[in-house]
Each structure stands twice: as structure tokens, then as C-alpha cells.
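Per chain, numbering begins at 1; letters A, B, ... match sequence-line order.
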Number of protein chains: 2
Amino acid sequence: MKSKKATIDDIAKRANVSKSTVSRVLNDTTPVHEAKRVAVEAAMKELDFKPNVFARSLAGGQSKTIGVLTQHLGSPFYDTISQGVIAHLSGTSYWPLFADGNDEPETAAEAVENLLGRRIDGLIFIGGMLTEQKLIEFNNRVPTFVVGLELLTMTDHCISVNNELAAFNATKHLIDLGHRSIVHITGISNHIDAVRRLEGYQRALTESGIKIDPELICEGMFDGQSGHDAVMKLLDRGKQFTAVFAANDVCAMGAKLALSRRSLSVPDDVSVIGFDDQHEASFTVPPMTTVRQPAFEMGVAAATAMVAMINKKSFTLPQLPAEVTVRESTAKAH
Amino acid sequence: MKSKKATIDDIAKRANVSKSTVSRVLNDTTPVHEAKRVAVEAAMKELDFKPNVFARSLAGGQSKTIGVLTQHLGSPFYDTISQGVIAHLSGTSYWPLFADGNDEPETAAEAVENLLGRRIDGLIFIGGMLTEQKLIEFNNRVPTFVVGLELLTMTDHCISVNNELAAFNATKHLIDLGHRSIVHITGISNHIDAVRRLEGYQRALTESGIKIDPELICEGMFDGQSGHDAVMKLLDRGKQFTAVFAANDVCAMGAKLALSRRSLSVPDDVSVIGFDDQHEASFTVPPMTTVRQPAFEMGVAAATAMVAMINKKSFTLPQLPAEVTVRESTAKAH
DNA sequence: AAACAAGTTGAAATCGATTTCAAATCTTGA
DNA sequence: TCAAGATTTGAAATCGATTTCAACTTGTTT
């Protein structure tokens, strides 16, 4: 049976100093005599002292929590980023406080206010649905980083892969295999990342001297159903193509399903490439070629930068590469 | 530019009453004259008053947060449960505080201590790796519910599907299709749920007069790789079978991949059934028959029960059914 | 009309830290 | 040796709520 939690007064008494001194060794704000320092530290060990988070925050100190707002906790990509954040933070004195934006700007804004009400020391957005204007505002209130979403301004607070380049490489991979009629199923069109991927797709075609065919560009929604429907529609119209580049993996899975329903084989008849490299991608039939985003590392990078910034240490944001992971859903065109 | 946050004193002044009175209307602890009540409420509206969470907790009140410990945030099944919790809580004054158990008992226990240090009003375990003994201990400290994990005791604090029955039905589905040699790829063997699924599988066979063949029972780990490897090993040994029941969906996907590598068709040569019905299951080729666990509803149920319990209202835990969702990966044996 | 119970109210203590300010101690240089 | 400056230290105020306790209003009963 554990006795009541030790307070700062308890350890002050035991170490024969004042609360003030204890607080000082706790926060390392003012130098304290070596002897007293040691005594205080010993007392803290013995009584298993853990500062009360609430008293601390109330007194104007730090809350030792980092607010993490994900666009949608359920997405595998965002989830992996979260894992990275958790993993790094668990080695520090900070804790993540998660909230879900539910894909809606208002919900997200409200969630941020609540987070702020809990005196978070930092704010990490995973994915995003807020305007950069809003983000800048928040950054004025508390250190803010954005992960997994490309920003136009505020680039030094943004950890993201170069989506345009990644999409360019994905498309180039198909072109190099001899494909000329390449479908692109886009992501949700007000996502910057989705737009950048479309741009990369277009540049790859253009630079290879292939005319862009608007009919091959289908609106998707980052989900399986829209990938499936897009391909079905194309097939129904009798449109010819030999490859599909989908804006993410589930979408690519939907596309593959539609192809198989029409007895088209992947990759013999049509090559398919996805984006994200989520866990399931390597176990689809056939295993899927996709663009790997280093989601976990991105999460770690964000957390690292955040902790450094809060403690006013210097840091540099890593340049994380997205790479085409070639598996078996893409093959030479014939 | 927002002015500083309004405090309880501000609104006391504005409503011409004392802090005490404000606190009383805020918490509805003691009756307050109608006129003052209205004045206070008006003042709160006008100043957009939001009580400071920390002051509140420090003073011994509630923290208005529910700790949520997931076994592994990244798992689609647990994630969906989390979504349910979030969804329900967002309509209340409570907020979830997430932590990740990282599949390790020590990490989990440490995480709970931290959560408790933040004075959570309730604790929800999603999945679990702690002993029931531990769980009971925690429940003595703060209201506790467990979701997505069957408990032997403490059943009135547990929201879970009947895994044995669900597995029985899944296996029965295969038997009804004429299968007699049915492989079961288990989950991690110290998960109660995995054990219960194995039991259901065995009972279905026994009740149908089919002898249990230990060689058809393969140890799995709830992931794609182990599903793949299990099937490969069986095939290498020349073991005959016409159906596979995997302990979850990714595992089933791994199994399907192994089959396709050996040119065995699903479902023509071998039927495959998964468990969980995660999002991707409906977009595999062919779409996968699986057991749907109402994960979202389970999360909602846990949150609902929690809020009711904290506020000493009565509640009943719903009996949530798991159902076999028949798609195209299972077919008649021949 | 007096007595008493029930219903309202505010002053002050409390929760457990941080932080300001002034006092106490220790150096240092002339 | 002593004043000036630099270091350490503790007392007390503060953060923003809840809660206890006593006092003050009412209303009811006799």
C-alpha cells in the first residue's frame, strides 16, 4: 500500500532546505550549493518524488506536454508518424496529448483551443486541414511543427517529404518500364500534398515528351472505394491505359480490385503503383510497388525538433527522402 | 488580439457575487438563487470563460480527462476503437489522454502511472497486456474499463466480443462450405483473445465430428509475415488443406500471398477467412471474408460507460456481436 | 411574534508548485 | 580590514480553481 504522494514540502523538510531551493534544483534555474543539491536529490530519490503536473502548470511553469493534433488518427500513415512522436518523446520528460481533427477545420481549431487550454508546451500537427494563416497564428502562441504536410511558407516548421519529387519518381518508374498511358488517381484536391503529387506526375510526363491526357487524371479521395470507382469508370468508357499511379496505397488497392474484376492482371496487363508504403502493401497479391514515406522517422524528427526548440537548443530539420519501393505490381509494358 | 483569459474572479466581479458562488453554478454543487445563477451564466458567456483545468485539478476537483492506454496505437483494430472513444467523448466535457503501451507490460504500467499522475478521472485499456490482478488494482484507484480484450473476472468492466463464439462461427462457415482440412493460424499465444479464438476453432471442428489435427494449427503473431511463413511451411511439408482461418486480417493477407506464390488460387483452391474486418479487407483481391468486430461501437460503449460511471449514473454494457462478413475469399470445397 | 429549520452566501483556507524580493553569506580588491 | 559586489538562500506572494465553515436570509410552525 503506497503512502500519499510526496510533495515539494516533504522533500524540503527532509533535505533541510526551503521549498524554493528544492524548486531550484528541480528546474535548474539558479545555482545551488553542491552539498544541498546532493541532499535534495537524495531526498527526491528516497521519497520517489514526482512533481505535481497541475501545481507546476498553474504556477506558470511548463506542462511538459506536447499537443499532437492528427488530421485523422485512423489513417495508417498518420498513425505511423504518431508512433515516431511517441517513441522519441518517451525518452524525454515530455508527454504527447493527442487529439483528432476528424478531417474538419472547425473540429481541429476547437481541439487546438482545448489543447492550448491545457497549457501544452508545443503543438505538432500531423497532416493538416488548417490554413497556413491559422498555423502561423498558433505558432505565435506556442512552438508549432507540422508533419506530413507540405507548407509553402513556414518551411522551417515543416517536416515533409518532397511530394512533387516523389510523385515524379513514381511516374518516371512507370515511364522507364515503357508505359505511355498512365492513369493518375489524385488525392483530395484541397490537400497540398495531393496537388504536389499531381504536379510531379505531370512534370514526369512532360519531361519525357508524353502529352498529358486529362481523361487519365481521375479525382480520388485517398480511399479504396474511390480508387475502385475511378478505374471502373475508365474501363467502362473503354479508355486505354497500361499503368495506374494512385495517390496512396488503399486507393491503389481499390484500383487493383477493379482491374481484377475485369479480368485484367496486375502487373501483366496493367501496372499499379501506390504511395505511402503502409504495412499491408507488402502483403497484397501481388505485393505492391509504392513510394515509401519515412513516416516513423518524420514523427521522430518532429518530436526531436520540438523538444530542442522548447529548451532553446539548436536543431536542424532533416531532409527525409521518399523512395520508390519496387515490388511486384509494376512490370514492363508490352 | 485576444485579451487574457477570464478567471473565476473576473466573472465573480462582473456578476457581483463571490468566487464561491460562481464555482457553485459551475459545478452545480449547491443551489444558487435563480437571479444570481442567470447573472453568473451571462457573465460566463460574455467573457467566454473557460475554467482553468489545472487550477481545477489542483484544488482537488476532476481533471476532466480520461486516460486511454492502447496496447499498440498503430493497430487498425485498436485504432478504430480509439476513434469510437474520441467520438463519444467529444460530446461531453471529458477529453481523452492517449498513451501507447508499446506491447510491453512494463511500458504500459509506467504509462498508467504517468496517466494517474495527471489525475485522470477514468482509465480505458484498449487491448491489453496487463494481468487481471494489475487491472483490478488500477480499478481500485480510478474507474477502469477494458475494451477489445476478454477478461475472465471483472467482466462488468470489459467490453469485448465473444471471441470463442466468433471463431466458432468463422470455422463453421468453412465447414458448411464443405471444408474438412482447415488450417488455423493463431494469434500471439498469451493473448486471451487468441486463445479463445483457437478454442472456438476447435469446438467447431469437434462438434462437426472432424478430428483436430495439431499439424494444421500454426503459431502466428497477428502480422502479415507470420501468416505468410506459416502457410509456406505447411506447403513445403506437403500438408494438405483446403481452407485457412487466420487470427486477424493482415495475417490472412500474408497467408493469401503465400498461396498465390505457389500458384494456389483463392478461393478456388483454398478458402481464406480473416478476423477484424479492417478497412483494407474489402479491397484485397479477392475481397476477403472476415469476422467483423464492431470496433467503433465498442469504443463508444466504453466511453459511454465511463462517463456514466464517473457521474454515478447507471448504465449497462451492450452485448456487441461479431459477425462473419462473407465476401469472395471463401467458397465451396471440392 | 418568537423560535427554529432550511436555504443562500461570502471569507478564508487549501491544493503544490514557481518566482520575486530582500536578507544573509562569501569573495575580492584596495 | 573593510566596503563593494557576487552568490546563495528562504519568506511570502502567486497561479485559479474548490471547499469548509460560519453568518445571514428566508419561511414555517406554534
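B:Asp9 comes within 4.0 angstrom of nothing in the nucleic acid, heavy atoms only. Counting non-hydrogen atoms under 4.0 angstrom, A:Thr21 reaches the backbone sugars and phosphates but no base. As judged by a 4.0 angstrom heavy-atom cut-off over every strand, B:Lys19 is placed among the base-contacting residues. Among the heavy atoms of the strands lying under 4.0 Å from B:Thr30 is at least one base atom, whether or not backbone atoms are also near. Within the 4.0 angstrom heavy-atom criterion, only backbone atoms of the sugar-phosphate kind lie near B:Thr7; the bases stay farther away. Looking at heavy-atom distances under 4.0 Å, B:Val53 makes no contact with the nucleic acid at all.
For the pair B:Leu89 and B:Met306, the minimum side-chain heavy-atom distance is 4.5 Å or more. Counting heavy atoms from C-beta on, the side chains of B:Ile8 and B:Pro51 never come closer than 4.5 Å. Put simply, the side chain of A:Phe77 does not reach to within 4.5 Å of the side chain of A:Gln278, judged on heavy atoms.
Checked against D:dG10, C:dA17, C:dT8, the side chain of A:Asn52 finds its nearest nucleotide in C:dA17. With D:dT8, C:dT9, C:dG16 as the choices, the nucleotide that has an atom nearest any side-chain atom of A:Pro31 turns out to be D:dT8. Side-chain proximity of B:Leu58 to C:dT8, C:dA17, C:dG16: nearest is C:dG16. In the set D:dT18, D:dC15, D:dG16, D:dT18 carries the atom at the smallest distance from any side-chain atom of B:Leu26.
For D:dA11, the base has a donor-acceptor partner in the side chain of A:Ser20 [N/O atoms by modelled type, under 3.5 angstrom].
Distance alone, capped at 3.5 Å, places no donor-acceptor pair between the A:Thr155 side chain and the A:Leu151 backbone.
Between B:Ser18 and A:Pro51, the residue anchored nearer the 5' end of DNA chain C, judged by the nucleotide with its closest heavy atom, is B:Ser18. Mapped onto DNA chain C by nearest heavy atom, A:Lys50 and B:Val17 fall at different nucleotides, with B:Val17 at the one closer to the 5' end.
Nucleotide D:dG16 holds its P atom 11 Å from the NZ atom of B:Lys5, rounded to whole Å. Put simply, NZ on A:Lys36 is 14 Å from P on C:dA24, counting in whole angstrom units. For the pair A:Glu34 CD and D:dT8 P, the computed distance is 11 Å after rounding to whole Å.
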Pair A:Phe98-B:Ile86, side-chain contact (heavy atoms from CB on, under 4.5 Å): steps then yes or no: CA-CA 10 Å; A:Phe98 285 92; B:Ile86 293 174; over 6 Å; no

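Among residue pairs with one or both ends in residues 50-66 of chain B, none qualify as salt bridge (charged side-chain N to carboxylate O under 4.0 Å, His left out); sequence neighbours excluded.
Put simply, the residue from B:Ile66, B:Leu115, B:Leu123 that forms a side chain to side chain contact (heavy atoms under 4.5 Å, CB included) with B:Leu97 is B:Leu115.
Summary of helix geometry: the two end axes of the helix from C:dA1-D:dT30 to C:dA30-D:dT1, each defined by five base pairs via their C1' atoms, are inclined to each other by 50° (rounded to 10°).
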